[in-house]
Amino acid sequence: MLIKVLGSAAGGGFPQWNCNGRNSADVRKGVAGLKARTQASLAVSANGQDWILLNASPDLRQQINETPELQPALDQGPRNSPIKAVILTNGDVDALAGLLTLREAQPLAIYGTRRVLDVLASNSIFDVLDASLVARKVMTLGRPFTVEGPGGPVGIEIEPFAVPGKVALYLEDARAGAGLGTQEGDTIGLKVTELGSGRHFFYVPNCAEVDAATATRLKGALLLFFDGTLYTNDEMIAQGLMNKTGERIGHMNISGPNGTIAAFADLGVKRRILIHINNSNPVLRETSPERTAVEASGWEVAHDGMAIEV
Ligand code: MLT
Ligand code: MN
């Protein structure tokens, strides 16, 4: 099974259009040791021909242009695409706005939880994806299914599972108390398995906490992509970017006693890769002490174009 990191940044990308923080300003200046990043998404293929996307980021058009595997085949007529299905892990803009790039009457399947498919159903702009060509399929938490594109199965099984998280930013309901109206199915992780070989990996780009169920599920995994949004809970406040903590936006921080490095220290996950990295995160600077600490603890930092075979 082939995995390509199409994008590795959190919502807004890196640099973010309106951000003049130190990281964004320096990457624009071309300072050494910083790479621009598009918004988080993976492409996965079991047979090298049919590809599925894990989320469709607002940068999808650029990502396709930079990824020959996702471009139309030369010998299959005037219109075709190797992209057969999109699996959505949440309803945030950075996870699904790229669906609009996939218009133009191309057959496709979109998989989401009931909660996320309701977002598509309640926003008529997504009807640009003609329902007679683009199937919307409900994923049920804890129930694995074989991914089917318009031409049939693509050799990949997905198991969606709930992780602690938050409802999409634009659906937050302040009157609903601390959870802001978050319900099960708003934020999920995916176990992605190659049918036949059983080789698999986990994709968890959004996670608010490694609770007991998440730890049990991920323990001993061979490969994990995990929420790397922030290094410290208050870094966006400290940098004057936004008055919200990581806790408030539904993302764990990497460092500290309650952080991701600590949470996974004893879980025996063989290869661990941070993704969905916010423009404020010091690990974006390849020579920073924070980047050194992350790598010393056995974590990698995803970059756009990263390719992995499992
Ligand atoms: C997030 O992951 O917190 C969201 O992408 C926020 C956003 O919509 O920008
Ligand atoms: Mn996001």
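Atoms within a ligand are numbered from 1 in the order they appear, just like the ligands themselves.
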Residues E300 and R271 bridged, charged N to O under 4.0 Å
yes
Under a 3.5 Å threshold, I'd like every N/O contact between ligand 1 and protein atoms, with atom names and distance.
{"residue": "ligand 1", "atom": "2 (O)", "partner": "H251", "partner atom": "NE2", "Å": "2.8"}
{"residue": "ligand 1", "atom": "2 (O)", "partner": "H276", "partner atom": "NE2", "Å": "3.1"}
{"residue": "ligand 1", "atom": "3 (O)", "partner": "H251", "partner atom": "NE2", "Å": "2.9"}
{"residue": "ligand 1", "atom": "5 (O)", "partner": "D94", "partner atom": "OD1", "Å": "2.9"}
{"residue": "ligand 1", "atom": "5 (O)", "partner": "D94", "partner atom": "OD2", "Å": "3.0"}
{"residue": "ligand 1", "atom": "8 (O)", "partner": "D92", "partner atom": "OD1", "Å": "3.4"}

Who are the side-chain contact (heavy atoms from CB on, under 4.5 Å) partners of P82, not counting sequence neighbours?
W51
Only distances under 3.5 Å count here; give the side-chain donor-acceptor pairs of residues 126-141 to other protein atoms, sequence neighbours excluded, each with its distance to 0.1 Å.
{"residue": "D130", "atom": "OD1", "partner": "S132", "partner atom": "N", "Å": "2.9"}
{"residue": "D130", "atom": "OD1", "partner": "S132", "partner atom": "OG", "Å": "3.0"}
{"residue": "D130", "atom": "OD2", "partner": "S132", "partner atom": "OG", "Å": "3.2"}
{"residue": "R136", "atom": "NH2", "partner": "F126", "partner atom": "O", "Å": "3.2"}

The Mn ion (ligand 2) - closest N/O/S atom in D94
OD2
Pairing of E172 and K166 as salt bridge, 4.0 angstrom limit:
yes
Taking 4.0 angstrom as the limit, do K84 and E148 come out as a salt bridge?
no
Name all residues meeting the side-chain contact (heavy atoms from CB on, under 4.5 Å) criterion together with A85; count only those two or more places apart in sequence or in a different chain, and write none if there are none.
I52, A109, Y111, V147
Charged N-O contact under 4.0 Å between R285 and D26:
yes
Looking at H276, which of its N, O or S atoms is the nearest one to the Mn ion (ligand 2)?
NE2
